[in-house]
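The figures here come from the full heavy-atom set of this structure, side chains too, leaving out hydrogens, waters and symmetry mates. Just so it is clear: chains get the letters A, B, ... in the order the sequence lines come, proteins before strands, and each one is counted from 1.
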Amino acid sequence: MPKLRLYNSLTREKEEFSPLDPGHVRVYACGPTVYNYAHIGNARMAVVFDLLANVLRSIYPKVTYVSNITDVDDKIMVAAKESGEAIDAITRKFETIYNEDMAALGVAKPDVQPRATEHIKEMIALCEALIERGHAYAAEGHVLFNVPSFPAYGGLSGRSRDEQIAGARVDVAPYKKDPADFVLWKPSTPDQPGWNSPWGRGRPGWHIECSAMAEKHLGLPFDIHGGGADLKFPHHENEIAQSCCAHGNEKNLSAFAKMWVHNGFVTVGGEKMSKSLGNFLLVHDLIKDTEGEALRMALMSAHYRQPLDFSIEKIHEYKRVLDKFYRILSDLGDVPDVEISVPNTVIESLLDDLNTPKAYAALNLLAKEAQQEKTPLAKSKFLLGGRVLGLLKKNVSDWRFGVVFNEITHDEVKAIDSLLVEREAAKKNKDFKRADEIRDELKAMGFAIEDTPEGPKARKI
RNA sequence: GGCGCGGUGGCAGAAUGGUGAUGUAGAGGACUGCAAAUCCUCGUAUCCGGGUUCGAUUCCCGGCCGUGCCUCCA
């Protein structure tokens, strides 16, 4: 049985993954807050954990992958106020768009995609358990986690409580017993979304939702918890504090999740994407102009823990690669598939801490073999190697070749068609001068002609 | 200031204590009326200085540079 090796943020080491229950691997990854379109940083997280789930499924009989939707959050309230839309209209809308956009990237929907608002009861129960055990207290309608009650706090991010306080740049609320204490539950004004609780009408703090949803859908402890690197502190640190302390596991940070996996950031021009820099790129926009698979391939082109510097050119580069791959598959249209498992060179690369660049190298070799050998085995190895990466999932006939393909107007299609017909006639009469003129004319219009076995084709350049 | 990550060919990006993948871009050639695609060939790539070693891009120490977290954030 092949083994997966994964870098565990909690131990800061690459470890051999061994499931708590080999018959059922359980994974949780923090999903998006749905108040806007997903940017490519959100997409990187979704792609990385989709890939992890794929890899786990290729070696274990059952995998449950849970990734939540955060549909209660102050940012959503702000968005609702600005747009005048109802909160649940916004969250449902962007949840749907998120799932559509991720589907375009070949991301399968998680096995469970719980909504925070549907787990309020569980969150309240967690708060009560924490209060009972002396790890939390109620104050002025809030429930706060008392950080000094948990000496192991900070083990994930490698940050002592003192360091955290020293670096704090926010004013400490007067009702906090300790400056490091964080909110589990907070009161809502009548115009804010809220639920009845033992502490009055209120809403959850950010961190408690993932503790509640992970526990409910996976049970504790579970195998792998993941998310973006920026969630390590405070979000994941606080999840650990809540979930360990609620069940009397104050000494064992692994009592919540055994392994922690964090993906690196997407940068643009070498800097982290941020709204203030205006360098946010939305998946929704990018997939208008290219195949989502090209974006997926670009997002996997660096190791998941490294920063990924993104650019439009990078999408184009991987679009060209995928064009080549699909062209090979097109040439092998008549070659039947055979039933095999994922080729070793690819899966072994992925089992080594999801080394996607290494897997790409392996896939390129398989592509070359498929192209040259044209055998069912070579074709299937290539195809399956791509599939485990979430690539080569489309029918060749549906693949849109070319780097950019904005919508072409009806008039353009007619003009191009007549020029192509004229050029075919000119070629037949050996009037290559006229044929070349037509090539230049189309080039001036922004199209390149490719003569293929099926006849000439125009491609937007 | 505290903690962390990284610096490999034009670009992207693996790996490794001893021939430095792969992709993309570029150059030359084959093929094609021309293109495209495909095939062949090519490129003085491991930030700097010390140390350990028979041997360091890899391990250690010190620099320099870049970047991230410490506040909402994938």
For V48(A), report the nucleic acid contact type (base, sugar-phosphate, nothing); a contact means any heavy atom under 4.0 Å. nothing
Between G28(B) and G68(B), how far apart are the two C1' atoms, rounded to whole Å? 44 Å
Per K314(A) side chain, nearest of listed nucleotides G13(B), A37(B), A15(B): G13(B)
Specify the separation, in whole Å, of atom CZ of R320(A) and atom P of A12(B). 15 Å
Sugar-phosphate, base or nothing in reach of K324(A), heavy atoms under 4.0 Å: sugar-phosphate
Considering only atom C1', compute the distance from A14(B) to C69(B) and round it to an integer number of Å. 26 Å
Counting side-chain heavy atoms from CB outward, which of A74(B), A12(B), C34(B) is closest to R423(A)? C34(B)
For R12(A) and L308(A), take the nucleotide of RNA chain B holding the closest heavy atom to each; which residue's nucleotide lies nearer the 5' end? R12(A)
Examine F382(A) together with F325(A) and report whether their ring centres are nearer than 6.0 Å. yes
K319(A) NZ to A12(B) P, in whole Å, measures 23 Å
Options A74(B), G6(B), A36(B), nucleotide nearest the side-chain atoms of D230(A): A74(B)
Hey, are the side chains of V27(A) and T64(A) touching, using non-hydrogen atoms and a 4.5 Å cut-off? no
Between C47(B) and U53(B) - C1' atom distance, rounded Å: 23 Å
What's N355(A) touching, base or sugar-phosphate or nothing? Going by heavy atoms closer than 4.0 Å. sugar-phosphate
Would you classify R439(A) as touching base, sugar-phosphate or nothing, given that sugar-phosphate means primed atoms plus P, OP1 and OP2, and contacts are heavy atoms under 4.0 Å? base
Using a heavy-atom cut-off of under 4.0 Å over every strand shown, decide if G41(A) touches base, sugar-phosphate, or nothing. base
Is there a donor-acceptor contact under 3.5 Å from the side chain of T356(A) to the main chain of M300(A)? yes
How far does the C1' atom of U19(B) sit from the matching atom of A35(B), given to the nearest Å? 40 Å
Using whole Å, report how far NE2 of H262(A) lies from C1' of G68(B). 14 Å
Using the C1' atom on both, measure U44(B) against C5(B) and round to a whole Å. 31 Å
Against the six-membered ring of F265(A), is K272(A) placed for a cation-pi contact (under 6.0 Å from the centre, within 45° of the normal)? yes
Find which nucleotide of RNA chain B each of Y318(A) and C30(A) is nearest to by heavy atoms, and output the residue with the more 5' nucleotide. Y318(A)
V321(A) side chain: which of A21(B), C34(B), U24(B) is closest? U24(B)
Using the C1' atom in both, what is the distance from G26(B) to U32(B), to the nearest Å? 22 Å
From NE2 of H303(A) across to P of G68(B) the rounded distance in Å is 20 Å
Is it the case that atom NZ in K81(A) sees more than 12 heavy atoms from other parts of the structure closer than 6.0 Å? no
Please state how far atom CE in M273(A) lies from atom P in C69(B), giving the value in whole angstrom units. 12 Å
Assign K75(A) to base, sugar-phosphate, or nothing according to its heavy-atom contacts below 4.0 angstrom with the strands shown. sugar-phosphate
In whole Å, I'd like the distance from the CG atom of N42(A) to the P atom of A74(B). 5 Å
Using whole Å, what does the distance between atom C1' of nucleotide G23(B) and atom CZ of F325(A) come to? 9 Å
Taking the P atom in each of G13(B) and U52(B), what is the distance between them to the nearest angstrom? 35 Å
Please report the distance separating the C1' of G66(B) from the corresponding atom of A15(B), rounded so that it comes out in whole Å. 23 Å
Could you tell me if the ring centre of F94(A) sits under 6.0 Å from that of Y37(A)? yes
If I take atom NZ in residue K428(A) and atom C1' in nucleotide C34(B), what distance separates them, rounded to the nearest angstrom? 19 Å
